[in-house]
J.: 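Sending over a structure as structure tokens; questions will come in a sec.
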Amino acid sequence: MDKASHAQRPREEPKFQAPDSTTLIISLIAIFITIVLLYVYKKKKTSRTDVLLVGLCEAGKTSIFTRLIYSEDRETFTSIKENIADYSSKNGYVRVVDIPGHERLRGKFDEYKNQARGVVFVLDSVALQKNIRDVADYLYTILLEPAIASLPFLILCNKQDETTAKGSSVIKTMLEKELNLVRSTRKNQLESVDSSGKSNVFLGKQGKDFEFIHISQYVDVLECSVKNNDIDSLTDWLDRIV
């Protein structure tokens, strides 16, 4: 074939191939599922509006609640019912619920756990050495609750203004060691009831000493001093989770 005839040959345009029906249907289903999942996630997130303050009596929960909500100190007493108020963070509003710390009233937690967006466990950094078992036992119970298994969790170490207060890193280590003992005790108690040993209730990783990094919640351990009007660690944390 000579050069002239080759030059005059029409150039073939690439043909468009429409996707077959199966591929199209799969793509549409994938898009639909993604939209549904995003809707459910957003609805679930917006329906969880509460930040729960929990902890033993005398840890300073109500004082922290008052400082957070009203930006002032007020005389407080041991709570016999929950305190509830809205808090405005940088990113929106949340409802803060101060749960009484008395052992007989802690069950109030169950009324709010399904609306929780985050949990703040307040402890006394000075009295921790004396109350470590009670603190760890209550903390263990809260962390084991399925309703908050994926929520942000803050251990707030109050009364840092005191010279005998333990720092957050020391407190974290103390709690991990004590939680390991609580877990062992709970496990033995369950096995004494269920001799098969098939209970699924276990916090952390089997065969390893307890550490906060082994659980589904992301746990922060931060310091504060409501007496010195220093709760910035709490307000910064709330800004992150809202």
Side-chain angles (χ1 to χ4, degrees), residues 45-46 48-79 82-101 109 112-113 115-129 131-132 135-136 138-139 142-143 148 150-176 179 211-213 215-242:
K45 185 175 180 181
T46 55
R48 287 182 169 270
T49 57
D50 296 349
V51 171
L52 310 183
L53 298 181
V54 298
L56 301 186
C57 293
E58 308 300 329
K61 297 187 307 301
T62 303
S63 295
I64 288 172
F65 174 88
T66 302
R67 166 57 52 181
L68 180 68
I69 300 300
Y70 304 108
S71 300
E72 64 183 30
D73 295 325
R74 296 184 181 182
E75 186 177 5
T76 61
F77 304 92
T78 300
S79 300
E82 59 272 37
N83 299 298
I84 304 173
D86 289 335
Y87 170 74
S88 176
S89 75
K90 291 180 179 179
N91 301 313
Y93 287 89
V94 290
R95 190 173 70 160
V96 180
V97 183
D98 169 26
I99 306 291
F109 175 84
Y112 299 96
K113 63 185 181 183
Q115 286 78 48
R117 194 160 187 168
V119 178
V120 180
F121 190 99
V122 181
L123 58 80
D124 183 334
S125 304
V126 177
L128 181 62
Q129 187 74 53
N131 300 328
I132 184 68
V135 170
Y138 186 22
L139 179 59
I142 296 291
L143 290 173
I148 65 157
S150 60
L151 300 183
F153 198 101
L154 171 61
I155 297 175
L156 191 60
C157 309
N158 189 26
K159 304 187 182 181
Q160 288 294 315
D161 53 283
E162 300 286 344
T163 56
T164 56
K166 299 287 191 299
S168 57
S169 60
V170 174
I171 288 174
K172 181 179 179 181
T173 300
M174 291 174 63
L175 289 175
E176 287 179 332
L179 285 166
E211 293 183 48
F212 287 114
I213 59 173
I215 62 177
S216 57
Q217 295 96 330
Y218 183 81
V219 179
D220 285 300
V221 184
L222 303 175
E223 301 174 358
C224 81
S225 169
V226 68
K227 185 176 180 180
N228 286 347
N229 301 329
D230 181 9
I231 59 169
D232 290 348
S233 57
L234 174 58
T235 55
D236 290 345
W237 184 83
L238 288 171
D239 288 340
R240 293 201 306 269
I241 73 163
V242 176

J.: Is Leu151 close to Arg48 at the side-chain level, that is, under 4.5 Å between some pair of heavy atoms?
T.: yes
J.: Less than 4.0 angstrom from a charged side-chain N to a carboxylate O is my criterion; do Asp86 and Arg95 meet it?
T.: no
J.: Given side chains that start at C-beta, do those of Leu238 and Asn91 come closer than 4.5 Å, heavy atoms only?
T.: no
J.: Using side-chain heavy atoms (C-beta onward) and a distance below 4.5 Å, is Lys227 in contact with Lys159?
T.: no
J.: Assess, by modelled atom type and distance only, whether the side chains of Asp98 and Thr62 contain a donor and an acceptor separated by less than 3.5 Å.
T.: yes
J.: Identify the two heavy atoms, one from Ile231 and one from Val226, that lie closest to each other, and give their separation to 0.1 Å.
T.: CG2-CA, 4.3 Å
J.: Do Val120 and Val54 have side-chain heavy atoms sitting under 4.5 Å apart?
T.: no
J.: If only atom types and distance count, is the side chain of Gln160 paired as donor or acceptor with the main-chain N or O of Asn228 below 3.5 Å?
T.: no
J.: Which atom names give the shortest non-hydrogen contact between Leu156 and Ser233, and what distance separates them?
T.: CD1-OG, 3.7 Å
J.: Is it true that Asp220 and Arg240 have a side-chain N and a carboxylate O under 4.0 angstrom from each other?
T.: yes
J.: Side chains of Leu234 and Ile64: closer than 4.5 Å at any heavy-atom pair?
T.: yes
J.: Shortest non-hydrogen contact from Ser125 to Ile171?
T.: OG-CD1, 3.7 Å
J.: Hey, does the side chain of Asn158 reach the backbone of Ala59 with a donor-acceptor pair shorter than 3.5 angstrom?
T.: yes
J.: Would you mind reporting whether Val135 and Leu56 have side-chain heavy atoms less than 4.5 Å apart?
T.: yes
J.: Counting N and O atoms only, with roles assigned by atom type, does the side chain of Asp239 sit under 3.5 Å from a partner on the main chain of Lys90, one being a donor and the other an acceptor?
T.: yes
J.: Are Leu154 and Leu222 close enough that some pair of their side-chain heavy atoms sits under 4.5 Å apart?
T.: yes
J.: Any donor-acceptor pair under 3.5 Å linking the side chain of Glu72 with the backbone of Thr66?
T.: no
J.: With a 3.5 Å distance limit and no angle check, can you tell me whether Lys113 reaches the backbone of Leu52 through a side-chain donor-acceptor pair?
T.: no
J.: Tell me the closest heavy-atom pair linking Trp237 and Val119, and the distance in Å.
T.: CH2-O, 3.7 Å
J.: Answer yes or no: does atom CD of Glu162 have more than 12 heavy-atom neighbours from other residues, nucleotides or ligands under 6.0 Å?
T.: yes
J.: Over 60° means perpendicular and under 30° means parallel, so tell me whether Phe121 and Phe153 are parallel, tilted or perpendicular.
T.: parallel
J.: Does some side-chain heavy atom of Val96 sit less than 4.5 Å from a side-chain heavy atom of Leu68?
T.: yes
J.: Which atom names give the shortest non-hydrogen contact between Met174 and Ile132, and what distance separates them?
T.: O-CD1, 4.2 Å
J.: Within this structure, what is the SG-CG distance for the pair Cys157 and Asp124, rounded to the nearest 0.5 Å?
T.: 10.0 Å
J.: My understanding is that only one of Asn229, Thr235, Asp230 makes a side-chain hydrogen bond (donor to acceptor under 3.5 Å, both in side chains) with Arg67; could you say which?
T.: Asn229
J.: Is there a donor-acceptor pair closer than 3.5 Å between any side-chain N or O of Ser88 and the backbone N or O of Tyr93?
T.: no
J.: Please report the shortest heavy-atom distance between Phe212 and Glu176, naming the atom on each side.
T.: N-OE2, 3.1 Å
